[in-house]
Every structure is written in structure tokens, then in C-alpha cells.
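Heads up, the thing below is written out as C-alpha cells.
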Amino acid sequence: MAELRGAAAPPDGVVALVGGYRKVGDGGGGAYRWDAGSGADGNGGTVLEPLRTKGKGRWVALHDGTVDFRRFGVFGADTAADDALDALVRDPAVARVVARTALNFTRRHTFGRSGIDLDFGGHRVTTEGIERNTHDNPFGAVLYFRGTVAAKGTDVTTTEPIAELSDVFPVADSGAFTVGDWYTVEVNRLAGTYERELQKLVRVTEIVDGTHIRVNYQNGWGFAAGRTFTWTRVAPVQDVTVRNMVFVGSGPFTEYGESDWPKPDPDEYTGSHPVAFEYAVRADVADIQATGTFWPVVMRRWCTFFRTARCSLKNPPTVFYGGAGYLTQNIYCLYGHVEDCHTSNARHLCDFVNAGYCYVTNCHGDGDDAGGNPFTTHGQYEHDIVYTGCSGLMDIANSGADWGQSAKRFTIRRHVLSWLTVSTRITDLTLEDVRVVARDTFDPRGTFVVNADGLQMRGCVGRTLAVAKTSSRSSRPNVISGCTFDTASANVVVQTPVNVPVHFDRCVFPDASGFEFHGTGTVYLTDCTVTGTAKGAPMSFAGDVVVRGGTYTDTGFVLTAARDQRLSIGGGATLSGTNATGALVSRGTGSGTVSVALSTYDSRTVAGTAHVALSAGTNRYTAVGARFSGGSLALAPAAFGAGSYLLHAGCVEDDVARHAFPPDGERVHTGTTLTP
């Protein structure tokens, strides 16, 4: 290369072939054309200024759009690659940048370039001696691609509601918009500091009429009239790919623990991370294996149509400082896919903030005991997120009220973890084959907390189930089907705020002693298998209970009677065994009216245990077609005074002792009973 620069100026258009940068065959050579009229600044690689000529005339590299760092004399990490990187990315003729050796960068680069592929060839990338970052700046990456944003947006306050899943939005003047243009759109905030249902980068797809436009996004949340939307024109970076690097973050790292939060961490200035995108479309990252990064390995904000694939992070310097220790964070992002990624001893694998229509597939986080949760969202109205085939702790919509604590239409399939908390305002949550495995090092109870707002669970396994209620947005029933929870005794399964029905269908509870259902909504138990212990407490309910089919062993049903309640058992259900109270069906001391309706079911117990024990209060009891074996029936006259009634007819009583039945009368009818 030095010989070429030292050669006399040839005629315009002459082509020279350089065998190498320093020596023939070192990979840094290539073809060059003499451009006699060029006065471009030399960059040491694709544009060469001759050593002996002043003024115009440059050697310009000939290539097919692919150039590697060796053409700039960078053959390893001993030479900073920053100047070469700037020259390559900012050259519109270069479409693909390739690394053939290890590299070291000492600057944080910002680009507005589109249509480029940076392939680091699987080589080691370091940042020894990198310049200092600014405060709280996760975009201070080695590679930061950012689109151009208009200085000012346009506001419109709507006079009409916008339906959920609509892609048509009112604007002041649709003539100011052009089909194909990109905009950020955000709605005015609600009560929380960051609480907005809509912040997305969208494209105009149709001018509907003079005051309406269509965009490439069906909004996840409905809006009442009177909300203000801000539309800001964006020229996004597009079609950028960064891939194939082994990235090692810069140090030395300081000691920073959970007790230090929220004190600033000095590593935020000295630490490094590889990639950040802002206002980007179709900007993808693949095959980055990172160690010791401070800010997220892949940081995104205002991105649409993106993929992060086969990336990993291990051992970041902190898992306590907010925003640090992540593999990828995605803020105001749309239509993304994070797949085949892995973290070890990190804070978060994938974090979403106000994201929509995104997938996370086959991603796994280990070493999460002392860190955060591999899978998390802030609760800033994320919607339509799907997790499939992943493992690691999960904490959804739980970053606090400032963000809104809201999410909608999340689906989690085939996920393994030791703790799952999805109990804030999460609407239409679907869980399929989710397995919570308790760990003594984290949460021995194996907590599994969900929100009863359109909840659908199928085939899940856990230890401690708790159904909460923090929102009421869904029209879907709350159904828990085909699930097993081996909760240790005395667990509140349905919490007090739950005022809607909860359906348990073909579920298995191997240790239900002392289960408590505090909610006022009806609990449906259909073909469930519930087992307690002979010395344990029966299940206690504060609302109505409907039992159809299933088996209930060494447990029972107690209605607290704090309010009027109903218990219905039938459909071939079987109750057997005993419990600490000595009654399979009973009531508490509350003043409410208790209605017990027993039909086609079997109740089997032993001496000293009652099939039904009602001794006081107002009770409305019917048993028709029920079968009782052993034990006793304790229906005291004091339990059937004014406002009560008793109908016990057409039943089968096999070796059953009747205790204190009230005499037949206007409100009591014992009918005909078969006693074989």
C-alpha cells in the first residue's frame, strides 16, 4: 500500500493491483483505480492520497461492496479500529463490513447509515481504553445507529374514541402526511410518570380521508375521546445487521451491590457494550456472545421489525443497577423476535417497555438467583407478547405504578422457571405448559401468582398458586385447566379482591390441607383431584362453590358464612376420608345464609366424621339423589330456624348415623331414603 501511495500519478482511470497492505498476501490488498479529479479526504483504506502529489488525484478502492478492516492496516486488537470503522460505515459504496481478525475500539460511534451489514466473523471485539460514556446513557454503544427525528411534532386532541385494535387514527390534517412516511406516535400520559398506552414507530399506509390516516399497527389499547396524540416525522435507519462477534466489556469493574442502589455506579461511564439502535426499521443482531457488558448488549428504542438471534451474555459487572446487566432491552418497539438467546448470572435476558406484537423463542437464563428476572416487562402497556420454549425467572408488568403496571394478551408456552409473578393489571394472560420448580436458593415456595382478568391456564405445574385480582378489563372467563399444584398446606389460593368466577377444570392438588379461597367470586371445581390430610383443615371458601365430578380425599368444604353463600356438589363427585374438623361439608360462624345443594355425588367417611354438619345459623339444605356411606349426618334443629329449609330425599344412606335431624314440618322434609 505504501508503494502505491508513493508511485507517480498515472493517467486517469489506471487500475493498480495491491498484493497486501504491508506485504503480499496479508489480506489487506486489492484493486485501486486512479481518479485524477478526486479531492476526497484519504482514509487509509478505500481512499488513498498519494504521498508525492498535492491537490487532486486519489486512489479509490475497487470492490463489490464488501470490505474488511485489513484494507486499513488493522490486523488485530493492537491497532485501534475506530477510524477504519467510521470510514467503512460512512462510505455509501460499502454494503458489507467484514472483520478477519480480533479488533479493539476506543470510541463510541454514532451512525445514521442504512443498508449495511457488519460481520465480525466470530472474532473477539474489545474496548480497552474506550472513551468515557455520559451519565445514564445506554446508547453510548460501540455501534449506535440512530435515525433522524424532526425537531417538532404535531399534536391532535381527539373528539372521538379510538377502538382497540384499530389501525385508523384521527389527525388534524391528513394532507400533511404521505403514504410510506414513518412517524413516532405517542399519547399523552396518564397518572404515572411514564404511563402512556401508545409509543410506537409506525408507517403511514393510507390516507383515509381529510382527518384520518391508517398506519401499519393495530393499537393494543382503546382510547376515549379527548386524548392528545403527538406525531413526529422520522427518517429511520433501515436494513442494518450486526453479527458474529465475541464481545468483552471494558473494566476494571467496581464492587456494586443491591444496597448501593440507586447510587450511581461508576461503571456506567467506563463500561462498554456493542450495539444500540434508535429510530430503526429492520435492524437485526445475530450471534453476539458478550461478557462483562454494563448497559444492554443490544439496546433498542423506537424500533420496528427487528430480530435478535443467537446472542448471549454472561457475568455483567452489575445485576442491581437499573438498566444494566441486560442482554437486550426493547423500549417502544414493535414486531420483534428474540430467539435462541442465553444469559448467565445476568439481570434480564429480554426486557420490554411499551412493546407490541413481539416473540421470544427458545431463550434461557441461568444463574438468576442473585440477579433480576431473565424475562420481564415494565408494565407500560405492553401487549401481544408471546414466549415459547424458554426457561428462567419471569416477572411481567411489575416495575411500579409509574409505568402503569398494565399488560394485555400475553401468551407463555412451555416455560420452566422457579418463580412466576404476573399479578399486576395483566389482561387476557394465557399460560400453557408452564412449570414452576421451587429452588431453596431462591423461593422454596415456588410462587406462581396470576391475575384473574381473562386468565387461561392449561397444563401448568407448580407448588404455590395464588390467584390475584388487580384489573377488570377482560370478557374472557378465568379458567385453570389440567394443572397440578403441590402446595404445602395452608395456602390462600384465591385472594380477597377476586370478585369474578374462577374455573378449576381437571386440576390436581396433592396437598390441599388448609386451602383458603378468600375471593367473593364463584369457584368452580370440575373433575378435579384434591387431596388433604386426615389431620389437616378442610378447604375454606368466602364465596360460592360449584363442584362437578372429581375426587376429594381427606379434605372438605367449609363456607365462612361471612356473607350469603352457596355450595353445590354433584356430577358424580366423590368425597372421602376425614379432616381436622370432622366434617366434609360445614359452615363457619358468620351470619350469612348458607345454601347447600347436594345431588348425584358419593360421600364416604368413617365414624366420628360427618358428611354434612350444620349446627347453627340460617341454612338452606337440599340433598336429592346423593349417596352417603359411613360416618354421620349432623343437621341440628338450631340450624333450621326461620329463613331456613331442609330437603333430604331420594338419597342412599349406608351405615350412616343421623345426628339431631329436625322434625319434618313446613320447612323440613326428609322424604324417602334408602338404607341398605
Side-chain angles (χ1 to χ4, degrees), residues 243 284-290 296-298 300 305-314 326-330 333-353 355-369 371-377 382-398 407-422 426 428-439 442-443 446-450 455-463 465 479-485:
R243 54 182 170 170
D284 299 334
V285 177
D287 300 294
I288 294 182
Q289 317 309 321
V297 175
V298 183
R300 299 180 186 275
F305 301 125
F306 64 91
R307 185 178 294 267
T308 300
R310 300 179 304 280
C311 293
S312 68
L313 168 64
K314 61 182 179 181
Y326 296 13
L327 175 62
T328 180
Q329 183 167 42
N330 308 279
C333 287
L334 189 59
Y335 306 134
H337 197 163
V338 179
E339 59 183 330
D340 302 331
C341 292
H342 185 266
T343 58
S344 294
N345 313 315
R347 181 177 174 87
H348 299 319
L349 187 155
C350 181
D351 181 11
F352 289 118
V353 182
Y357 300 114
C358 293
Y359 271 74
V360 181
T361 307
N362 193 33
C363 292
H364 306 276
D366 56 53
D368 50 9
D369 284 14
N373 306 295
F375 306 95
T376 187
T377 81
E382 297 86 25
H383 68 92
D384 295 284
I385 309 291
V386 179
Y387 299 85
T388 300
C390 301
S391 65
L393 296 181
M394 179 171 282
D395 188 5
I396 301 298
N398 206 27
K408 184 179 289 187
R409 292 188 298 274
F410 273 45
T411 299
I412 304 167
R413 300 190 185 105
R414 300 182 64 188
H415 196 107
V416 178
L417 68 166
S418 58
W419 182 59
L420 176 66
T421 302
V422 282
I426 302 172
D428 290 345
L429 173 67
T430 300
L431 304 176
E432 299 177 359
D433 193 16
V434 175
R435 183 176 294 266
V436 174
V437 181
R439 292 204 309 260
F442 185 78
D443 177 17
T447 305
F448 203 128
V449 187
V450 291
L455 172 69
Q456 302 269 303
M457 294 175 57
R458 293 183 287 274
C460 298
V461 177
R463 175 170 292 181
L465 172 67
V479 179
I480 301 173
S481 177
C483 299
T484 299
F485 296 97

| request: Indicate yes or no for a side-chain donor-acceptor contact from T377 to the backbone of A397 under 3.5 Å, with no hydrogens or angles considered. | output: yes
| request: Report the distance from atom CZ of R300 to atom CG of L334, rounding to the nearest 0.5 Å. | output: 12.5 Å
| Of the non-hydrogen atoms in A346 and T343, which two are nearest, and what is the gap between them? | CB-CB, 3.9 Å
| field | F352 vs V360 side-chain heavy atoms within contact, under 4.5 Å | value | yes
| query | Partners of F410 by ring-ring contact (aromatic ring centres under 6.0 Å, His included), sequence neighbours excluded? | reply | none
| So how far is it from T308 OG1 to D284 CG, rounded to the nearest 0.5 Å? | 7.5 Å
| field | salt bridge (charged side-chain N to carboxylate O under 4.0 Å, His left out) between D384 and R409, worked out | value | CA-CA 5 Å; D384 295 284; R409 292 188 298 274; 2.9 Å; yes
| message | Give me the atom names and distance for the closest heavy-atom approach of C363 to V338. | response | SG-O, 3.7 Å
| remark: Residue set satisfying side-chain hydrogen bond (donor to acceptor under 3.5 Å, both in side chains) with N373, at least two apart, ordered chain then number -> D395
| field | L313 side, atom CG; N345 side, atom CG - distance, nearest 0.5 Å | value | 9.0 Å
| request: Can you tell me which residue pairs pass the salt bridge (charged side-chain N to carboxylate O under 4.0 Å, His left out) test with a partner in residues 333-349, sequence neighbours excluded? | output: R307-E339
| task | Determine whether F448 and C460 make a side-chain contact, defined as any pair of heavy atoms from C-beta on separated by less than 4.5 Å. | result | yes
| query | Side-chain contact, heavy-atom cut-off 4.5 Å: D443 with V436? | reply | no
| message | I'd like to know if the side chain of Q289 reaches the main chain of R310, judged simply by a donor and an acceptor atom lying under 3.5 Å from each other, with no hydrogens or angles considered. | response | yes
| message | Taking side chain to side chain donor-acceptor pair (under 3.5 Å) as the criterion, tell me which of H415, Q456, R413 meets it with E432. | response | R413
| message | Please find the pair of heavy atoms, one from F306 and one from C358, that lie closest to each other, and give the distance. | response | CZ-SG, 4.4 Å
| Under 4.5 Å between any side-chain heavy atoms of T328 and P296, yes or no? | no
| Point-to-point distance, once rounded to the nearest 0.5 Å, from CG of L420 to CG of L431 | 6.0 Å
| said: Going by the rule side-chain hydrogen bond (donor to acceptor under 3.5 Å, both in side chains), which residues pair with T361 if we only count those two or more places apart in sequence or in a different chain? | reply: H337
| request: Evaluate the criterion side-chain contact (heavy atoms from CB on, under 4.5 Å) for residue pair H342 and D366; output intermediate values, then yes/no. | output: CA-CA 8 Å; H342 185 266; D366 56 53; 2.8 Å; yes
| Partners passing side-chain hydrogen bond (donor to acceptor under 3.5 Å, both in side chains) against H364 (at least two apart in sequence or in another chain) | N362, S391
| task | Any chance you could measure S418, atom OG, to L393, atom CG, to the nearest 0.5 Å? | result | 4.0 Å
| message | Taking side-chain hydrogen bond (donor to acceptor under 3.5 Å, both in side chains) as the definition, give me every residue that meets it alongside T421, ordered by chain and number, with sequence neighbours left out. | response | W419
| field | Nearest non-hydrogen partners of C341 and A309, listed with the distance | value | SG-C, 4.2 Å
| message | Please check if the number of heavy atoms outside R439 that lie under 6.0 Å from its CZ is greater than 12. | response | yes
| query | With a 4.5 Å heavy-atom cut-off, do V434 and L417 have their side chains touching? | reply | yes
| task | Ignoring hydrogens and angles, state whether a donor on the side chain of T376 or D351 is under 3.5 Å from an acceptor on the partner side chain. | result | no
| Is R414 atom CZ crowded by more than 12 heavy atoms from other residues, nucleotides or ligands, each under 6.0 Å away? | no
| request: Report yes if the side chains of V297 and C311 come closer than 4.5 Å at any heavy-atom pair, otherwise no. | output: no
| request: Give the C-alpha distance, both sets of side-chain angles, the deciding distance and a yes or no for side-chain contact (heavy atoms from CB on, under 4.5 Å) between I385 and F375. | output: CA-CA 11 Å; I385 309 291; F375 306 95; over 6 Å; no
| query | Hey, what do you get for SG (C390) to CG (L349), rounding to the nearest 0.5 Å? | reply | 8.0 Å
| query | How about L429 and M457: do any of their side-chain heavy atoms sit closer than 4.5 Å? | reply | no
| query | Would you say H383 and Y357 make side-chain contact, with heavy atoms under 4.5 Å? | reply | yes
| Nearest atoms (heavy-atom pairs only) where E382 meets V353 | OE2-CA, 3.3 Å
| field | Verdict with supporting geometry, L465 and V450, side-chain contact (heavy atoms from CB on, under 4.5 Å) | value | CA-CA 8 Å; L465 172 67; V450 291; 4.3 Å; yes
